[in-house]
Every structure is written in C-alpha cells, then in structure tokens.
Student: 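One structure follows; several queries about it will come next.
Every heavy atom of this structure was used, including side-chain atoms; hydrogens, water molecules and symmetry mates were not.
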Amino acid sequence: MIANEQDWKAAPIKAIIFDMDGVLIDSEPIYFEIERSSFTHFGADVSEEEHHTFVGVTLESMWQQVLDKKPLGCTLEEALSYHKGNVMRIMSGFERLEPMPNVERWLSWLKSQGIPLAVASSSPKALIELIMDKTGLGAYFDAFVTGEEVAHGKPAPDIFLHAAGLLGVDPASCLIIEDSRNGVRAAKSAGMRCVGFQNPGSGNQDLSQADEVVSSYEQLLSIRPSLPIIYHSEFALEMEG
C-alpha cells in the first residue's frame, strides 16, 4: 500500500535511480564478511547491531565512525587502503556475480519506456565498475555516481541530487530504489520519491520513511500500474502480458 497516494502521483516519474548493493545485487552479506575480516585485522570490536548501521554509508564514513569510537593504532587512510584492497581482491575472484532475481526484467521494462536510469552507490567507483561488469547490468544505465564524487555521503542527499543533475531531471521527478535506512533518508531529503527494497541480507533496516516497501522485483513489477510513468510502449505491454 502506497503511503501517500497524492504525493506519489504529484509529478510523473522521469528517471529512476538505484542503489547498487542490496538492490541490484545481493552483495551485502559478502561485504559483511569482508568487513568483519577487516575489523578483525585491525582489532576493532564492532557488534553486529552496530555493523548493520553502516549499510548504505561510504567506506570512509564507516571507518571514521569505527576509529572515533575505538582507537586502533592506525590512520583512516591505512584502514581504507587495507579494506579497499580486501574488497577488490575478494570480489574480483568471482567469475560472475548474480543480479537480484527479476531485476533485468524490471530494467528492460524501464528502458522500453525511455526512462533514464542511474546507479548512485556509496561504493568506490572501481567496485561499481567491477560489479556492473560481472553482473552484466552496466548496459542498462545512463549514469553512475559514487560516494567519492560528492561532499557528503548518505544519509545526506548529495549523491541523489548529483545523479538527478547528470540525468537532467528535476529531483521531484526522480524515484529512488534503496535497501537501507540511510539511503531512504537521503532520498527523502533530496525531495524524491522512494521505494524501500526490503532485503534480509542488508539487516533489519528501518524503511518506514519510504513511499512504498517491496521485498522483490516481482512485487515491484506488480505495482507498475500505480507508478505515474507517462507512456507505455507496445514492447512494455507485451512484457506485462
């Protein structure tokens, strides 16, 4: 059930912006284990509950928060360098990374509508490129934005506002798909509508600020009639059938 039908249909959706991890690929459980190994390497005692609060934030923000609470005898730069190398080494070892079930069907339908699409992820640019290549999803998107390109990471709205600017679309006409509390907060702070993607692999995230919450792309596909997208092409109608 859409939280506020009037706000939801206030303006047509002209662009859709996706978070990557936990939305396009179920990578959060992989990251979780990599992060645990990095925390162990530096002797950081981070509880599982605290760890889940880092979903959706940049690596720099995560490590800065860890270092602020727990002096580890290393600099932020040293922690980031080790962790980024750890992530790229492990993720590069996968021959292929599987996208979320039915996400390609959803992306194909959106492209058939002529809707500009962007990825706006807190992950580093190199990792976004790696995942887009190994999932085969990169060709669907018109723009990629990383947390490294903006002054403030999620829950600040910077990354989504920058993505909207690259797509040439007013923020009020953008729809965000996010799996984290930080991401949903960023979307709403940007003045955008937001679908919360409930992914168990991302932990128990509070998505209550989202306009709609789904738990699969099959469910998201089923609410297409309620999306205020202007034009449905013949190809899209065939897909709906």
Student: Do the side chain of Q198 and the main chain of V214 share a donor and acceptor less than 3.5 angstrom apart?
Tutor: no
Student: Is it the case that over 12 heavy atoms from other parts of the model lie below 6.0 angstrom from the CD atom of E60?
Tutor: no
Student: Please report the shortest heavy-atom distance between L207 and R181, naming the atom on each side.
Tutor: CD2-N, 4.1 Å
Student: Ring-plane angle category for W109 and W106, please: parallel below 30°, perpendicular beyond 60°, tilted otherwise.
Tutor: parallel
Student: Is there a path from V55 to M20 through hydrophobic residues (I, L, V, M, F, W, Y) whose side chains come within less than 4.5 Å of each other?
Tutor: no
Student: Check this for me: E50, atom CD, are more than 12 non-hydrogen atoms of other residues, nucleotides or ligands nearer than 6.0 Å?
Tutor: yes
Student: Is E35 paired with K84 through a side-chain N to carboxylate O contact shorter than 4.0 Å?
Tutor: no
Student: Run the side-chain hydrogen bond (donor to acceptor under 3.5 Å, both in side chains) check on S208 and D206 step by step: do they pass?
Tutor: CA-CA 6 Å; S208 59; D206 178 6; 2.7 Å; yes
Student: Is the number of heavy atoms from other residues, nucleotides or ligands under 6.0 Å of N204 CG greater than 12?
Tutor: no
Student: Testing the 3.5 Å rule here: is there a donor-acceptor pair between the side chains of S61 and Q65?
Tutor: yes
Student: Please tabulate, one pair per line, all N/O donor-acceptor pairs under 3.5 Å involving side-chain atoms of residues 126-138, not counting sequence neighbours.
Tutor:
from: K134; atom 1: NZ; to: F94; atom 2: O; distance (Å): 2.5
from: T135; atom 1: OG1; to: I131; atom 2: O; distance (Å): 2.7
from: T135; atom 1: OG1; to: M132; atom 2: O; distance (Å): 3.4
from: T135; atom 1: OG1; to: L137; atom 2: N; distance (Å): 3.4

Student: Show which residues join L167 in its hydrophobic cluster (side-chain heavy-atom contacts under 4.5 Å, direct or indirect), or state none.
Tutor: I17, V145, V150, I159, F160, L161, L166, V169, I176, M192
Student: With side-chain hydrogen bond (donor to acceptor under 3.5 Å, both in side chains) as the criterion, how do Q219 and S215 come out once you've worked through the C-alpha distance, each side chain's angles and the decisive distance to 0.1 Å?
Tutor: CA-CA 7 Å; Q219 188 179 352; S215 57; 3.1 Å; yes
Student: Answer with yes or no whether the side chains of S37 and N86 bring together a donor and an acceptor at under 3.5 Å.
Tutor: yes
Student: In sequence, state the C-alpha distance, the side-chain angles, and the governing distance for K111 and D142, and then conclude on salt bridge (Lys or Arg N to Asp or Glu O under 4.0 Å).
Tutor: CA-CA 10 Å; K111 293 301 285 186; D142 304 289; 3.4 Å; yes
Student: Please report the closest heavy-atom contact between L117 and L110, naming both atoms and the distance.
Tutor: CD2-CD1, 3.8 Å
Student: Start with the C-alpha gap between K125 and E149, add the side-chain angles, then the distance that decides, and say whether salt bridge (Lys or Arg N to Asp or Glu O under 4.0 Å) holds.
Tutor: CA-CA 9 Å; K125 182 179 180 180; E149 298 175 44; over 6 Å; no
Student: Do NZ/NE/NH1/NH2 and the carboxylate oxygens of D170 and K14 come within less than 4.0 Å?
Tutor: no
Student: Quick check on H152: does its NE2 atom have over 12 non-hydrogen neighbours (other residues, nucleotides or ligands) under 6.0 Å away?
Tutor: no
Student: Would you mind telling me which of Y82, W63, F32 makes a ring pair (Phe, Tyr, Trp, His ring centres under 6.0 Å) with F39?
Tutor: W63
Student: Less than 4.0 angstrom from a charged side-chain N to a carboxylate O is my criterion; do R193 and E212 meet it?
Tutor: no
Student: Taking G22's backbone N and O only, do any of them form a donor-acceptor pair with N199's side chain (distance below 3.5 Å, no angle check)?
Tutor: yes
Student: Please tell me if the side chains of I177 and L220 come closer than 4.5 Å, counting only heavy atoms from C-beta onward.
Tutor: yes
Student: Counting only heavy atoms not in N102, do more than 12 fall under 6.0 Å of its CG?
Tutor: yes
